[in-house]
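The next block holds one structure in the form of structure tokens; read it before the comments.
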Amino acid sequence: QKLAKTFNMQIVVSASQNIHEDFLVHIAKNKQFKVITGHTYELMKYSRFGIIKSGTSTLEAAIFQLPMVIVYKTSGLTHFIGKKLIKLNNIGMANIILNEQVVPELIQHDASPKKIFEKSIMQRPADKTWTFLDGPPFITGMPHYGTLLSSLPKDLFPRFWTMKGY
């Protein structure tokens, strides 16, 4: 939520169709996010940043060139057994394939809101900023054709630059 407020972003969760939205709301203890099912690629295409769980999702996000942080948290016992059985330096598919850590990974206790925020700040491109300055947010007089024409750039330009990663 801090990341969303800091960068004026909306929180959207891409969930499997077999996971009900009520379950996610219960886990998060609030409903300050939208849940989308079945449109993962569209979501990645138009997103500005991703907090991605470990797995093939990281590879998919890398293909979409989505700036991200990889997070993975499981039970202590599962993590202990996994560390003993699997000898890998990274857990994200994008990092495993490249055999180096190009995307930050936050595992177990490192996957805290504070560390996710800190890593997210570092992953955002600093040179990609864009500001749209606009006049008063209201019209004078009755709405007319000119009202529509002046409102189109207010909608289209921010969408365009957001999709370009700004």
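FYI, side chains are in, hydrogens and waters are out, and symmetry mates aren't considered; it's all heavy atoms of this structure.
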Notebook entry, point to check: Is the number of heavy atoms from other residues, nucleotides or ligands within 6.0 Å of NZ (K83) greater than 12?
Noted result: no
Note to self: Just verifying a value: how many Å separate S120 OG and M68 CE, rounded to the nearest 0.5 Å?
What the structure shows: 12.0 Å
Next item on the list: Mind checking the CD-NZ spacing from Q108 to K73? Nearest 0.5 Å is all I need.
Entry: 7.5 Å
Notebook entry, point to check: If we only count heavy atoms from C-beta on, is the I91 to I107 side-chain gap below 4.5 Å?
Noted result: yes
Margin query: Under the side-chain hydrogen bond (donor to acceptor under 3.5 Å, both in side chains) definition, can you give me all pairs with a residue in residues 58-68, not counting sequence neighbours?
Written below: Y41-E60
Next item on the list: Identify whether F80 and Y72 are in the same connected component of the hydrophobic contact network (ILVMFWY, side-chain heavy atoms under 4.5 Å).
Entry: no
Notebook entry, point to check: If you look at every heavy atom in P104 and K119, which pair is closest and at what distance?
Noted result: CB-CD, 4.0 Å
Notebook entry, point to check: Taking side chain as C-beta onward, heavy atoms only, is I70 less than 4.5 Å from L106?
Noted result: no
Check: Got a sec, which residues hit side chain to side chain contact (heavy atoms under 4.5 Å, CB included) with I97, two or more places apart in sequence or on another chain?
Finding: L59
Checklist line | Backbone N/O of V69 and side chain of E105: donor-acceptor pair under 3.5 Å | finding: no
Notebook entry, point to check: Do side-chain atoms of S75 reach the backbone of T78 as a donor and acceptor pair under 3.5 angstrom?
Noted result: yes
Margin query: Quick one, N89 and Q101 - any side-chain contact, counting heavy atoms below 4.5 Å?
Written below: no
Checklist line | Under 3.5 Å donor-acceptor, E100 side chain and N95 backbone | finding: no
Check: More than 12 non-hydrogen atoms from neighbouring residues, nucleotides or ligands closer than 6.0 Å to CG on L85, yes or no?
Finding: yes
Margin query: Is there a path of hydrophobic side-chain contacts, each under 4.5 Å between heavy atoms, that joins I51 and F117?
Written below: yes
